[in-house]
Number of protein chains: 2
Amino acid sequence: MHKQDVTIYDVAREAKVSMATVSRVVNGNSNVRKSTRDRVQSVIKRLHYQPNSVAQGLASKRTTTVGLIIPDMTNMFFAELAQGINDIATIYRYSIILSSVSNELMKEEDTVQSLLNKQVDGMIYMSDRLSPAVHEVFDRTSTPVVLASTLDSDGDLQSVAIDYRKAMKQAIELLYQDGKRDLAFVISDYNATINVARRIPVFENFIKEHQLGVPRIYRDVLTYDQGEKVFAQLQQEHVDGVIVSSDLAAAGIINAAKSAGVKIPEDFEVIAAGSTKISDLVRPKLTCVRSPLYDIGAVAMRMLTKLMGDEELTHRKVKLPFSFVKQETTLNR
Amino acid sequence: MHKQDVTIYDVAREAKVSMATVSRVVNGNSNVRKSTRDRVQSVIKRLHYQPNSVAQGLASKRTTTVGLIIPDMTNMFFAELAQGINDIATIYRYSIILSSVSNELMKEEDTVQSLLNKQVDGMIYMSDRLSPAVHEVFDRTSTPVVLASTLDSDGDLQSVAIDYRKAMKQAIELLYQDGKRDLAFVISDYNATINVARRIPVFENFIKEHQLGVPRIYRDVLTYDQGEKVFAQLQQEHVDGVIVSSDLAAAGIINAAKSAGVKIPEDFEVIAAGSTKISDLVRPKLTCVRSPLYDIGAVAMRMLTKLMGDEELTHRKVKLPFSFVKQETTLNR
DNA sequence: GGCAACCATGCAAACGTTTTCAAAGATCGT
DNA sequence: ACGATCTTTGAAAACGTTTGCATGGTTGCC
C-alpha cells in the first residue's frame, strides 16, 4: 500500500461531486446539503480517505503545528512545562514540532528559523537565556511567539512566568530569619537572564542591606555531581545557608553534607528553586520554591492559541502564583 | 513583514534564471555552473530567501520529519530515550513531531494516523504497551517504524531494546543469593507487554523453581506516592526482597522503609529497573538495572534514517547491553 | 407568477516547491 | 570547422489541497 493511495479527487469522483465539496465536508463547512454531506462521508469512510496535511498546509497557509524550543528535555523542569504545553495543544488539535537545543549541533537561531520554514503557526520558547540572535528572528517574523518560564529583558514578547524577584526574596529572607548569616547562591548559568536580571540583584541587595559581607555566588552548578562537588567549597567558606537553582544540584549538596556529617537544617540550610519532584524524594526533603510548571506551559499554549486565532490578548505578560514549600532543609516554625 | 515574503520565484527573477535552477542551487545539485550558482546564492542571501518546507514536502513527497510517540515525557525514562533520538535526528536534519499520548484526549491510533497524515518520513514508537489498534496502523502503512525500548510480541517490527529476560533473571538471582526468600515484583502496568511477555514469566518461573511459594506481584505502582504506599503491604507480607520497575516507586519504597525503621539492605533489599538518575540520588543508592536509554534512542533513530534512506538494515531487532549496578540497596560482596 | 435572496455546488486558480524532459551551450578531438 | 558528447538551463507538469467567484437551483414573499 502506498503512502498516499486515495486523494480528495478520488473521493470526489466516487461521490459524484467536486473536490470543493469534499473539501467542505472534510472541513465541516456548513454550506453543504445534508444528503450530499452524508454521501461524501460514506465514500470517505469506504475509501479510508485521509487528508494530506502537507497539501492542506500549503493551500490554506495554516499547518496546525506549533514549534517548541526546549533547552533539554531530560531536565524535569522543562519536561513538566512541555507536558502542560502538549496537553493544551492536543485539545486545540495542534501538533508540536520539538526542538531540543541542548546539543551544539545546530545554532539556536537556525533551529528557530527552520521551524519558521516549516510554517509553524506559532512557537513556544523556553530557555534560561534568550540570545540576541534568537530575539532578532522573533522580531523579524509575524509568527506569534510565547515565552514559557523565560525572561525577556527587552520586554516586548508575550510570556508566562512567576515573580522571580519575590521568590528569591522569600527564600533569602527565610534563611536570614533562621539565623543564617553566611549565605550563598548556587546557580547553573551565571548569565541566564533570570539570574542576571532578577535573582542576583535581589540576592546582592539583600546581602548588602544586611551587611553580610561579599555576596557569594557559585556558578556552573547544574548536575548532581556538580552539586556534590560544590559542597566542599561551601563548607570551606563556612556557608550556613544556600539557595540552589537546580534541584539536582541541591540533591548533590545535601547528600554531600550528610556524608560530611553536617546537620541539616541546624547547621546548614538549603532552599532549592528547581520546582521538580526531586525535592520530595531526597532526604531531608528540600525546602523549595515551586513554580506551577505544568500550568505555566498550559497557559502559555493557551495564549498562543489565542494569538494564532487572532483573538485579543488581555495580558501580554502573565505571572502565575508560585508556592513556597517549607520542608526539612530549613528550620520549621 | 509577512510570513512568506520571498519565494523561489522572486529569487529566480532577480538572478535571471528559472525556478528550476534556483531549486538546484538550494538543494546542492551539482549540475549548475559555478558562476550561476554564485549569482543565485548571492541573491538568496540578499533577499533572505528561505525555502518553504511545506511546499518542498508536497512536491518532493519527503518532509524530513519524523514522528515520535511517547507515553509521558515527564517520565525520565522516556525523556532520556527522546534525547538520544533527538540528537541523531538533528545530525541527519530531521525534525521531530512529538506526540505525548499520556493524556486521554486522543486515542493512540488516531495520534499515529495524524502523524501519518502529516506525511512524516518515519516514526519512532515507545510505549509499555503496543495496542493491536496501533499495530494495525503500523501494518497498513509503508512509512517505516522503529520501536525504542518497546516490545512487539507479534515480532515483525524493527526495534531496539535490551534483553529483558536476562535483566530480570540477574536481578532476582541477586536477591536470592543474598538470602532473600520472600520476594516480590512491583510493577506499574500489569499488562505491559514487557511484563506479560518477559519479566513476569521469568519471575514466576524462578519462584516456582526455587519453591518460594506463590509469586507476589504488586500492580499499578508507578509514582513516588504509590511506592510509599505499597511498602506497607510489602511489610505486612514480610517481603524481604523486591524488584521495582519504576525508579520513582522504588524511591518511595525505600523512603517508607527507612521511616518504618527497616534496615536496608540487611532486612530488605530493593532492585530498581527504571534506569534513571533517580537511583543515584536517593539514599541508600538503588541497586538497579540500567538500560542505555540514550543509546537505545540514538540507535533507533539511526535505524530509522537507514530505513528512510532505503539503506539495507543488517538487523531488524537490536539488543543493546545493559549494566547491572550494585549499590546500597543490596548486600555488597 | 415574478423577483429577490439565499443555498448548494462546481470551476479553476492559487499555494511554493521539485522534477522530467527537451533544448541550448559548451567542449573536444580530429 | 564539424559532429559527438557532455553540461547547463528552462518550460511546464506535477504534488493534494483550499477558496473566491460564478452559476444554477430553491425558497419565500407579495
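The chains referred to below are lettered A, B, ... by the order of the sequence lines, with proteins before strands, and numbering in each begins at 1.
In B:K317, the NZ atom is crowded: over 12 heavy atoms of neighbouring residues, nucleotides or ligands sit closer than 6.0 Å.
Considering only the side chain of B:L58, C:dG16 comes nearest among C:dG16, C:dG10, C:dT17. Closest to the B:T36 side chain, of the nucleotides D:dT9, D:dC15, C:dC11, is D:dT9. Nearest to the side chain of A:A55, among D:dT19, C:dT18, D:dG16, sits D:dG16. Nearest nucleotide to the B:N31 side chain, out of D:dT9, C:dG16, C:dC11: D:dT9. Distance from the side chain of A:I8 is smallest for D:dT18 among the nucleotides D:dT18, D:dT8, C:dG16. The side chain of A:S60 lies closest to D:dT18, out of C:dG10, D:dT17, D:dT18. Among C:dT9, C:dT18, D:dG16, the nucleotide with an atom closest to any side-chain atom of B:S23 is C:dT18. With D:dT18, C:dG16, C:dA26 as the choices, the nucleotide that has an atom nearest any side-chain atom of B:R33 turns out to be C:dA26.
D:dA14 atom P lies 12 Å from atom OH of A:Y9, rounded to whole Å. In this structure, B:D10 atom CG and C:dG16 atom P are separated by 9 Å, rounded to whole Å. A:M19 places its CE atom 9 Å from the C1' atom of C:dA12, with the value rounded to the nearest Å. Between the CG atom of B:N117 and the C1' atom of D:dT17 there is a distance of 13 Å, rounded to whole Å. For the pair A:Q119 CD and D:dT17 C1', the computed distance is 15 Å after rounding to whole Å. If you take NZ of B:K34 and C1' of D:dT7, they are 17 Å apart, rounded to a whole angstrom. In this structure, CG of B:D38 is placed 15 Å from C1' of D:dT8, rounded to the nearest angstrom. A:R13 places its CZ atom 13 Å from the P atom of D:dG16, with the value rounded to the nearest Å.
Distance check, rounded to the nearest 0.5 Å: OH of B:Y94 to CZ of B:R62 gives 4.0 Å. B:L147 contributes atom CG, which lies 11.0 Å from atom CG of B:L304 (distance to the nearest 0.5 angstrom).
Sequence order on DNA chain D of the closest nucleotides to B:T21 and B:A59 puts B:T21 first from the 5' end. Nearer the 5' end of DNA chain D, as judged by each residue's closest nucleotide, is the contact made by B:K16, out of A:V26 and B:K16.
With a 4.5 Å cut-off on side-chain heavy atoms, B:T63 and A:K118 do not count as touching.
For the pair A:T150 (side chain) and A:S127 (backbone), a donor-acceptor distance under 3.5 Å is present.
A donor-acceptor pair shorter than 3.5 Å can be found between the side chains of A:D152 and A:H135.
The base of D:dG10 sits within donor-acceptor range of the side chain of B:R24, with an N or O pair under 3.5 Å.
Using a 4.0 Å cut-off, some side-chain N or O of B:K61 falls inside it from OP1 or OP2 of D:dG16. Between A:T7 and D:dG16, a side-chain N or O to OP1/OP2 separation shorter than 4.0 Å is absent. The phosphate of D:dT18 has OP1 or OP2 within less than 4.0 Å of a side-chain N or O from A:N27.
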